[in-house]
Amino acid sequence: MTNQEAIFEYCLRIGDTSLILGQRLAEWCGHGPILEEDIALTNISLDLIGQTRGFYDYACQVENKGRTEDDLAFLRNDRDYRNLLMAEQPNGDFGQTIFRQFLISSYYTLFFTALSKSNDETLAALAQKSLKEVNYHLRHSTEWMLRLGNGTEESARRMRTAVEELWMFTEDFFDMNDVDRILLQAGIGIDNSALRADWLHFAQDKMKEAGLLIPEKSFAIRGSREGKHTEHLGHILAEMQSLHRAHPGATW
Amino acid sequence: MLSTTEQELEKKFQERIDKGESIEAKDWMPERYRKQLIRMMGQHAHSEVVGMLPEGNWITRAPSLRRKCVLLAKVQDEAGHGLYIYSGTETLGISREQMLDELLAGKAKYSSIFNYPTLSWADIGAIGWLVDGAAIVNQTVLAKGSYGPYARAMVRICKEENFHHKQGYEILATLMKGTPEQRAMAQDSINRWWWPALMMFGPSDKDSPNSAELLRWKVKRYSNDELRQRFIDRTVPQAENIGLTLPDPDLKWNEERQHYEFGTINWNEFYEVINGNGICNKDRLKARRKAHEEGAWVREAANAYARKKSGETIAA
Ligand SMILES: [Fe+2]
Ligand SMILES: [Fe+2]
């Protein structure tokens, strides 16, 4: 695998994750618990899909086969998607959406901080821009996690359920394969598994403030690096790609 | 019967209106004026919020990433408009909760146009071009209305509506330059949305019970028919520009009047939809009720947490 090929794959992971998560958040549009949250979740969704476009754009450049951002988004199948398994998990209730956001945004805060020091200038710039947005996503989801975890008995119970539903997908964040090793060697990518300790520390602290505990026993589900997904992704793509695929070659 | 003092106050109030002064929340106003504004502004805010549903229906299926982002931004704007107008209405002494309760109980109205379904991507174009287009015609005038908080909200909102209008027109223009299927999609959409868009201005003023009073108070500045004509006059050339045919065989330019003539609007359909018999009336309210009910625990938790926090501050 060349550096270029590895960068392509790396961009897909990031771009796919933000696209799928953005798509999930867009499902909330018009259905939020209060109007302010309709705005906030739509806003986060918009940020995320904006990030996708940045990383896809770079992926297309390094691939240099004339593919466009829309080819990547709408014409790949689920096995070719590299998004974190966490991103495709269903919205569940508002608490679950918030907790999923907290987990991903806290990971991405560390990830983008590290990647912003990449010696690939484009990746560094994309990471810096994304980091600003992800910081806000993390603040938003953390505030809500504290509110819900410490709110009423019901909200605390729902948050505990969210932890049970989602925790098992966190190990998937930190897996590394050849792509990571090649890019780490070249000073382009980051040492992903090294983020785990800091992340765990941070997540544990904040969750504790929200009265939430990390499950003692949890079997880790992983596989996003190889495009092995849960059943949810197929449905997300079926919906997202349906119109685009129904009109091959059309301009929108 | 009004007491003498009230008669005098009303007289002074009317003088202020006639002089073009803007009425502010703390100023004295007739009870009817307050009620009418609460009704109008509430309806407007509800329309922004319910209007998120038909457009939200296509966000997850938008055919390109760029379109997805534009649509997300647009729907986010509409939520912001809702929020902004709800706050404006609260200055008149009604809470957002009360207004929402009325909406969910089916007592408050919202723009009937949102009871029509979005069946294709082209409908997103049609909504932007026609529905936001009609809203601009309405709101540009409302921005000069007598109640200050509402008028100022309209000034701010109109800027965003122009972007909504543009993106809708651009969607349709792109479709009309596309494949035969895309052109058919666009034309079909306009066939379905044109007449409901014309109905957005409301029935002819002679059949509109509130019009005279609202005009006198400068809450309204023009009649429904005048605004409808203004909308038609500016929209017909836009349709011609991109090759869309408006579904009205009677539509033609009248050189003498310098206006387009148009066919008869099916007011029967309008009243049916207003009274709950449109395709989506039930679904729209159901969706709003579901969001409200399923969000109850979130709002309760947020309140409980805020109480605990303020308790801590007081104790500290
Ligand atoms: Fe609006
Ligand atoms: Fe709008």
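Side-chain atoms are counted along with the backbone in the values below, which use heavy atoms only and exclude waters and symmetry mates. Here is how names work: the chains are called A, B, and so on, in the same order as the sequence lines, proteins then strands, and each is numbered from 1.
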Can you tell which of B:S120, B:A301, B:P63 has the highest number of heavy-atom pairs within less than 4.5 Å of chain A?
-> B:P63

Distance-only donor-acceptor check, side chains A:E88 and A:T230, under 3.5 Å | yes

Any side-chain donor paired with an acceptor under 3.5 Å for A:H235 and A:E239?
-> no

Side chains of B:H81 and B:E78: donor-acceptor distance under 3.5 Å anywhere?
-> yes

Residues 59-70 of chain A vs chain B, non-hydrogen distance cutoff under 4.5 Å, contacting residues -> A:E69, A:D70

Interchain contact, A:W144 with chain B, by part (heavy-atom threshold 4.5 Å) = side chain

Part of B:A296 within contact of chain A (heavy atom distance under 4.5 Å) | neither

Any donor-acceptor pair under 3.5 Å linking the side chain of A:R147 with the backbone of B:A302?
-> no

One should read off an interatomic distance between B:M41 CE and B:L92 CG, to the nearest 0.5 angstrom, of 6.0 Å

Considering only heavy atoms and a distance below 4.5 Å, find which of B:T60, B:L53, B:D77, B:T174 pairs most often with chain A.
-> B:T60

Check whether more than 12 heavy atoms from other residues, nucleotides or ligands sit under 6.0 Å from atom CZ of B:R156, and answer yes or no.
-> no

Winner by heavy-atom pair count (cut-off under 4.5 Å) against chain B, out of A:R24, A:M240, A:R53 = A:R53

Any side-chain donor-acceptor pair under 3.5 Å between A:Y108 and A:H137?
-> no

A:L41 portion near chain B, given a 4.5 angstrom heavy-atom threshold = neither

Structural part of A:S45 lying under 4.5 Å from a heavy atom of chain B | both

A:D38 versus chain B, heavy atoms under 4.5 Å apart: side chain, backbone, both or neither?
-> side chain

Is it the side chain or the backbone of A:F74 that comes within 4.5 Å of chain B heavy atoms, both, or neither?
-> side chain

Highest number of heavy-atom pairs under 4.5 Å with chain B among A:T42, A:L35, A:T152 belongs to A:L35

Please check if the side chain of B:T91 supplies one atom and the backbone of B:S87 the other of a donor-acceptor pair under 3.5 Å.
-> no

Count the heavy-atom pairs under 4.5 Å between each of A:E36, A:H247, A:Q241, A:E37 and chain B, then report the option with the highest count.
-> A:E36

Are any side-chain N or O atoms of B:N57 and backbone N or O atoms of B:T118, one a donor and one an acceptor, separated by less than 3.5 Å?
-> yes

Give, as side chain, backbone, both or neither, the part of A:H31 having an atom under 4.5 angstrom from any heavy atom of chain B.
-> both

Name the member of B:C69, B:G56, B:G178, B:A304 that forms the most heavy-atom pairs with chain A at distances under 4.5 Å.
-> B:C69

Taking all non-hydrogen atoms of both residues into account, name the closest pair between B:T245 and B:N191 and its distance.
-> O-OD1, 4.0 Å

Is A:R76 positioned over the aromatic face of A:Y81, cation under 6.0 angstrom from the ring centre and no more than 45 degrees off axis?
-> yes

Measuring heavy-atom distances to chain A, does B:V298 have an atom under 4.5 Å in its side chain, in its backbone, in both, or in neither?
-> both

Any pair with a residue in residues 178-192 of chain B that passes salt bridge (Lys or Arg N to Asp or Glu O under 4.0 Å), sequence neighbours left out, goes on the list, sorted by first then second residue, please.
-> B:D123-B:R192, B:D188-B:R192

Over 12 foreign heavy atoms within 6.0 Å of NZ, B:K290 = no

Residue selection (most heavy-atom pairs with chain A, distance under 4.5 Å) from B:M52, B:E300, B:R299, B:Q182 | B:Q182

Where does B:R61 contact chain A at under 4.5 Å (heavy atoms): side chain, backbone, both or neither?
-> both

Relative to chain A, which segment of B:L175 carries a heavy atom at a distance below 4.5 Å: side chain, backbone, both, or neither?
-> side chain

Per-residue contact mode, A:R158 against chain B (heavy atom under 4.5 angstrom) = side chain

Between the main-chain N or O of A:L85 and the side-chain N or O of A:Q89, is there a donor-acceptor pair closer than 3.5 Å?
-> yes

Options B:S64, B:A62, B:G82, B:A306, ranked by heavy-atom pairs under 4.5 Å with chain A, top entry = B:S64

Kindly indicate whether the side chain of A:R245, heavy atoms from C-beta on, has any atom under 4.5 Å from the side chain of A:L75.
-> yes

Where do A:C29 and B:V75 come nearest, in terms of heavy atoms and distance?
-> SG-CG1, 3.2 Å

In terms of heavy-atom pairs under 4.5 Å with chain A, the winner among B:K308, B:E294, B:H292 is B:K308

Is it the side chain or the backbone of B:R307 that comes within 4.5 Å of chain A heavy atoms, both, or neither?
-> neither

